[in-house]
Amino acid sequence: MIKVSDSITLEDWEITESFHRASGPGGQNVNKVSTAVELRFEAARSPNLPPYVKNRLRTLAGRKWTKDGALIITAEKHRSQAMNRELAMEKLVALILKATERPKHRIKTRPTLASKRRRLEGKKQRSQIKSLRGKISE
């Protein structure tokens, strides 16, 4: 059981791990030992996540979200399997915590009259500079 926040805990059945050989540098170790971790979290079936967190998690995850509603996180930064497992869990917890934060409501504001004037003045100056670049007619 993993505690994400005060209200959210993840059960062991929701998370499955698989191990494979990591890519990249590492010498002979990379060819022999399965240190890379692929963590699969069944987010859509999770009873502990509120619906709004699931929706936000889906948008934050992007390509990591599968069609059947699972979140796949990989970690192959370290040379040891234990450190990669820990890193994958940290990534999952961070992503879920980010999904729990409600986005700030944006209040529409109108541009001030002075800012409109400054913008138009800048456009006039730029237009004048560009018009002076043209060919000179006699």
Can you name the residues that form a salt bridge (charged side-chain N to carboxylate O under 4.0 Å, His left out) with [X], not counting sequence neighbours?
X     : result
Glu42 : Arg40, Arg45
Glu38 : none
Arg56 : none

(message) Which Ile, Leu, Val, Met, Phe, Trp or Tyr residues join Val37 in one cluster when any pair of side-chain heavy atoms under 4.5 Å counts as a link?
(response)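 Other cluster members: Phe19.
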In Å and rounded to the nearest 0.5 Å, what is the [atom1] to [atom2] distance from [X] to [Y]?
X      : Y      : atom1 : atom2 : value
Gln128 : Ser131 : CD    : OG    : 6.0 Å
Leu87  : Leu92  : CG    : CG    : 11.5 Å
Arg21  : Lys32  : CZ    : NZ    : 12.0 Å

Would a hydrophobic clustering, with Ile, Leu, Val, Met, Phe, Trp and Tyr connected at side-chain separations under 4.5 Å, put [X] with [Y]?
X     : Y     : answer
Trp65 : Val53 : yes
Ile72 : Ile96 : no
Met83 : Val93 : no

Applying side chain to side chain contact (heavy atoms under 4.5 Å, CB included), name anything that partners [X], two or more places apart in sequence or on another chain.
X      : result
Lys64  : Ala61, Leu71
Ile129 : Arg126, Arg133
Pro51  : none
Lys123 : Arg119, Leu120

(request) Sorted by first residue and then second, give each side-chain hydrogen bond (donor to acceptor under 3.5 Å, both in side chains) pair with at least one member in residues 83-93; sequence neighbours left out. (result)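 Of all non-adjacent pairs touching residues 83-93, those that pass side-chain hydrogen bond (donor to acceptor under 3.5 Å, both in side chains) are Glu17-Arg85.
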(request) Could you tell me whether the side chains of Gln81 and Thr35 share a donor-acceptor contact shorter than 3.5 Å? (result)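 There is no such pair (donor and acceptor under 3.5 Å, judged by atom type) between the side chains of Gln81 and Thr35.
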(request) Scan side-chain atoms only and decide if Ser46 and Asn48 contain a donor-acceptor pair under the 3.5 Å cut-off. (result)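 Checked: Ser46/Asn48 side chains show no N/O donor-acceptor pair below 3.5 Å.
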Can you sort out the partners of [X] under side-chain hydrogen bond (donor to acceptor under 3.5 Å, both in side chains), two or more places apart, ordered by chain and number?
X      : result
Thr74  : none
Thr112 : Ser115
Thr100 : none

(request) Over all heavy atoms of both residues, which pair between Ala43 and Leu49 is shortest? Give the atoms and the distance, please. (result)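 Scanning both residues completely, I find the closest heavy atoms to be O-CD1, 4.2 Å.
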